[in-house]
**Student:** 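So that we are looking at the same thing, I have put the structure below in structure tokens.
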Amino acid sequence: RFDGKVFLEKLRGKTIVIVGDSISFNQQESLTCLLHAAVGPNSKITTGTMGPYNSNYFQEYGVTIAEFYTRFLAQITTEKIGRVLKLHLINDYGNVWKDADVLIFNTGFWWDVNGNQKGWDFIQDGENNPIVRDMDRTLAFRKALTTWAKWVDSGVLNFAKTKVFYQGFYPDHYRLASINRLINLYFVDLFFISLLID
């Protein structure tokens, strides 16, 4: 059984950053609710923005649970032709993420969205390659994750300090069946518990 007080005690003084889309936001909120229920209504919790993050700070433990919203992990630049999703570049905020004690990443759902909702107008795979209107989305997703993995392995992170997780491709959460699957996945995948084991 998940024990929020034990979780906070083990992570005393640390910052957990959850990077991704609305699935990540929901998981940050869920974890915060679990922890709030564990420490009780009189515990001091500060909620707000911390730089680029939406964050919840548990003052008694010095623990911050923060979320950084991004759909793709890859960089989107605004150019004269429009928004260009650059598969070969990590999001500009990568230098901010690296200071976290725990980094949890997710991306997936938005890679298959079309039309005005997709969040970009053009796509580029490599600085010297042409900018195109679209490409095979599965391939684009794989290339962006490869860029992310290379960033993780590039030495920018101090693995003696920072633990890194990638959550995987979660279903959407707009239909009841998907919500039920997501809830089940969330509690099965409460890998946060693994952080308590040194």
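Remember, it's a predicted structure, so these values are computed and weren't measured experimentally.
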**Student:** List the atom of Ala100, the atom of Val17, and the distance in Å for their closest heavy-atom pair.
**Tutor:** CB-CG2, 3.5 Å
**Student:** Would you say that more than 12 heavy atoms from the other residues, nucleotides or ligands in this model lie under 6.0 Å from the CG of Asn158, or not?
**Tutor:** yes
**Student:** Just wondering, more than 12 heavy atoms not from Gln59 lying within 6.0 Å of its CD?
**Tutor:**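 More than 12 heavy atoms, drawn from other residues, nucleotides or ligands, come within 6.0 Å of this atom.
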**Student:** Measure the shortest side-chain to side-chain distance between Asn106 and Ile104 over non-hydrogen atoms and say whether it is less than 4.5 angstrom.
**Tutor:**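 Side-chain contact under 4.5 Å: no.
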**Student:** Checking Thr147 side chain against Ile90 main chain: does a donor-acceptor pair fall under 3.5 Å?
**Tutor:**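 Answer holds: no.
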**Student:** Salt bridge or not for Glu79 and Lys86, using N-O below 4.0 Å?
**Tutor:**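 The answer is yes: the pair qualifies as a salt bridge.
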**Student:** Taking the inter-plane angle between the rings of Tyr166 and Trp148 on a 0 to 90° scale, is it parallel (under 30°), tilted (30 to 60°) or perpendicular (over 60°)?
**Tutor:** tilted
**Student:** For Asp92, is there any backbone N or O sitting under 3.5 Å from a side-chain donor or acceptor partner on Gln75?
**Tutor:**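 Yes, the answer is positive, given that a donor and an acceptor are paired below the 3.5 Å cut-off.
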**Student:** Check for a donor-acceptor pair, side chain of Thr107 on one end and backbone N or O of Arg71 on the other, with a separation under 3.5 Å.
**Tutor:** yes
**Student:** Please state whether the rings of Phe68 and Tyr93 are parallel, tilted or perpendicular, taking 30° and 60° as the class boundaries.
**Tutor:** tilted
**Student:** Which distance, rounded to the nearest 0.5 Å, do you find between the CG of Asn26 and the CG of Leu31?
**Tutor:**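 Between Asn26 CG and Leu31 CG, I get 12.5 Å after rounding to 0.5 Å.
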**Student:** Heavy-atom distance under 4.5 Å between the side chains of Asp121 and Ile81, does that happen here?
**Tutor:** no
**Student:** Mind listing the closest non-hydrogen atom pair of Trp151 and Ser154 along with its distance?
**Tutor:** O-OG, 2.7 Å
**Student:** Are Val19 and Trp111 grouped together when hydrophobic residues (ILVMFWY) are joined by side-chain heavy atoms under 4.5 angstrom apart?
**Tutor:** yes
**Student:** If I take atom OG1 from residue Thr138 and atom NZ from residue Lys143, how far apart are they, to the nearest 0.5 angstrom?
**Tutor:**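 The distance works out to 12.5 Å.
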**Student:** So, for Ala74 and Leu85, which heavy atoms are closest and what is the spacing to 0.1 Å?
**Tutor:**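 Heavy atoms of Ala74 and Leu85 come nearest at CB-CD1, 3.9 Å.
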**Student:** Could you tell me the separation between the CD atom of Gln27 and the CD1 atom of Ile65, rounded to the nearest 0.5 Å?
**Tutor:** 12.5 Å
**Student:** For Arg83, does the CZ atom sit with more than 12 other heavy atoms under 6.0 Å from it, leaving out its own atoms?
**Tutor:**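 Above 12, so yes.
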**Student:** Under the 3.5 angstrom rule, does the side chain of Asn56 hit a backbone N or O of Thr47 as a donor-acceptor pair?
**Tutor:** no
**Student:** Could you state whether Ile131 and Ile76 fall into the same hydrophobic cluster, counting links through intermediate Ile, Leu, Val, Met, Phe, Trp or Tyr residues with side-chain heavy atoms under 4.5 angstrom apart?
**Tutor:**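 No; tracing contacts between hydrophobic side chains, which count when under 4.5 Å, never links both residues.
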**Student:** Report yes if the side chains of Phe7 and Leu34 come closer than 4.5 Å at any heavy-atom pair, otherwise no.
**Tutor:**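 Phe7 vs Leu34: side chains apart.
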**Student:** For the residue pair Gln124 / Asn129, report whether a side-chain donor-acceptor contact shorter than 3.5 Å exists.
**Tutor:** no
**Student:** Quick one: pull up OG1 in Thr146 and CZ in Phe141 and give me the separation to the nearest 0.5 Å.
**Tutor:** 10.0 Å
**Student:** Does a sphere of radius 6.0 Å around CZ in Phe122 hold more than 12 heavy atoms from other residues, nucleotides or ligands, not counting ones at 6.0 Å or beyond?
**Tutor:**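 Yes, because the 6.0 Å sphere around CZ of Phe122 holds more than 12 heavy atoms from other groups.
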**Student:** Backbone N or O of Leu73 within a donor-acceptor pair of the Asn91 side chain at under 3.5 Å?
**Tutor:** no
**Student:** Are Phe72 and Leu87 close enough, and set up right, to give a side chain to side chain contact (heavy atoms under 4.5 Å, CB included), and what steps lead you there?
**Tutor:** CA-CA 9 Å; Phe72 303 105; Leu87 304 178; over 6 Å; no
**Student:** Is there a path of hydrophobic side-chain contacts, each under 4.5 Å between heavy atoms of I/L/V/M/F/W/Y residues, joining Phe105 to Phe159?
**Tutor:**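 The answer is yes; both residues are in one hydrophobic cluster.
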**Student:** May I ask you to test the Trp110-Thr70 pair for a side-chain heavy-atom distance under 4.5 Å?
**Tutor:** no
**Student:** Indicate the atoms forming the closest heavy-atom contact of Gly13 with Val63, along with that distance.
**Tutor:**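 Reported closest heavy-atom pair: N-CG2, 4.1 Å.
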**Student:** From Ile45 CD1 over to Asn42 CG, what is the distance, rounded to the nearest 0.5 angstrom?
**Tutor:**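 Ile45 atom CD1 to Asn42 atom CG measures 10.5 Å (nearest 0.5 Å).
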**Student:** Are any non-hydrogen side-chain atoms of Arg137 and Lys118 less than 4.5 angstrom apart?
**Tutor:**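 Side chain of Arg137 against side chain of Lys118, heavy atoms only: contact under 4.5 Å found.
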**Student:** How close do Lys5 and Val39 get, counting heavy atoms only, and between which atoms?
**Tutor:**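 Scanning both residues, the minimum pair turns out to be CE-CA, 4.1 Å.
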**Student:** Check whether Lys161 reaches the backbone of Asp99 with its side chain - one donor and one acceptor, N or O, closer than 3.5 Å.
**Tutor:** yes
**Student:** Please report the closest heavy-atom contact between Ser43 and Glu60, naming both atoms and the distance.
**Tutor:**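 Taking Ser43 first and Glu60 second, the nearest heavy atoms are OG-OE2, 2.9 Å.
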**Student:** According to a hydrophobic-cluster definition based on side-chain heavy atoms being under 4.5 Å apart (Ile, Leu, Val, Met, Phe, Trp, Tyr only), do Leu89 and Trp97 belong together?
**Tutor:** no
**Student:** Does Val96 belong to the same Ile/Leu/Val/Met/Phe/Trp/Tyr cluster as Tyr69, with side-chain heavy atoms less than 4.5 Å apart forming each link?
**Tutor:**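 Yes, Val96 and Tyr69 fall within the same hydrophobic cluster.
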**Student:** Between CG of Asp101 and CD1 of Ile16, what distance do you get to the nearest 0.5 Å?
**Tutor:** 8.5 Å
